[in-house]
Amino acid sequence: MAQRVTFRRRNPYNTKSNQIKVVKTPGGRLVAQHIKKQGSRPKCGDCGIALPGIASLRPRQYANISKTKKSVTRAYGGSRCANCVKDRVVRAFLIEEQKIVKKVLKDQAEKSKK
């Protein structure tokens with residue numbers, strides 16, 4: 001005969017936050033263990049892919065783990081993926097180069113007028 005188990009919290013409904021696993025205790029009883037929800041992987045803010053090297057936890061759990069598990073040692077470490085950081089660096093470099101070229105052309109134009 002199958003033994004019944006009951007929820008151990010006040011919520012009586014089978015919701016996503018109230019899932020249980022039936023476990024046999026050392027005393028031979030079957031009891032319900034409530035399962036915590038799985039955390040989603042942190043995503044890159046630019047392209048949206050999951051960030052490798054960063055723990056996937058529920059939001060409040062990040063307060064309890066070390067800084068090394070929350071980020072990677074790079075600019076924009078726990079926020080952007082490596083490819084997006086590379087794109088940002090290249091874009092900034094090209095914009096600076098463009099400014100220099102504009103300045104040189106402006107100087108040449110002024111010299112030719114004189």
Engineer: Sequence neighbours left out, cut at 3.5 Å: what donor-acceptor pairs do the side chains of residues 49-57 make with other protein atoms?
Structural biologist:
none

Engineer: With sequence neighbours left out, which residue pairs that include part of residues 55-75 fulfil the salt bridge (charged side-chain N to carboxylate O under 4.0 Å, His left out) condition?
Structural biologist: none
Engineer: Begin from the C-alpha positions of Asn14 and Gln19 and carry the test side-chain contact (heavy atoms from CB on, under 4.5 Å) through to its verdict.
Structural biologist: CA-CA 7 Å; Asn14 185 29; Gln19 295 299 309; 3.2 Å; yes
Engineer: Hey, could you give me the CD/CZ distance between Gln98 and Phe93, rounded to the nearest 0.5 Å?
Structural biologist: 12.0 Å
Engineer: Above 12 or not: heavy atoms from other molecules or residues under 6.0 Å from OH of Tyr62?
Structural biologist: yes
Engineer: Indicate the atoms forming the closest heavy-atom contact of Lys43 with Arg41, along with that distance.
Structural biologist: NZ-O, 3.0 Å
Engineer: Ignoring hydrogens and angles, write down the donor-acceptor pairs under 3.5 Å from the side chains of residues 79-87, residues two or more places apart or on other chains.
Structural biologist:
from, atom 1, to, atom 2, distance (Å)
Arg80, NE, Asp46, OD1, 3.1

Engineer: Considering only distance and modelled atom types, tabulate donor-acceptor pairs under 3.5 Å from the side chains of residues 24-39, sequence neighbours left out.
Structural biologist:
from, atom 1, to, atom 2, distance (Å)
Thr25, OG1, Gly27, N, 3.4
Thr25, OG1, Arg29, N, 3.1
Thr25, OG1, Arg29, O, 3.3
His34, ND1, Asn18, OD1, 3.4
His34, NE2, Arg8, N, 3.2

Engineer: Run the side-chain donor-acceptor check on residues 106-113: report pairs under 3.5 Å with partners two or more places apart or on a different chain.
Structural biologist:
from, atom 1, to, atom 2, distance (Å)
Ser112, OG, Gln108, O, 3.4
Ser112, OG, Ala109, O, 2.8

Engineer: What pairs with Tyr13 under side-chain contact (heavy atoms from CB on, under 4.5 Å), at least two apart in sequence or on another chain?
Structural biologist: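 Partners of Tyr13 by the side-chain contact (heavy atoms from CB on, under 4.5 Å) criterion, ordered by chain and then number, come out as Asn11, Thr15.
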Engineer: Could you check Val89, Leu94, Ile95 and say which one makes a side chain to side chain contact (heavy atoms under 4.5 Å, CB included) with Arg91?
Structural biologist: Ile95
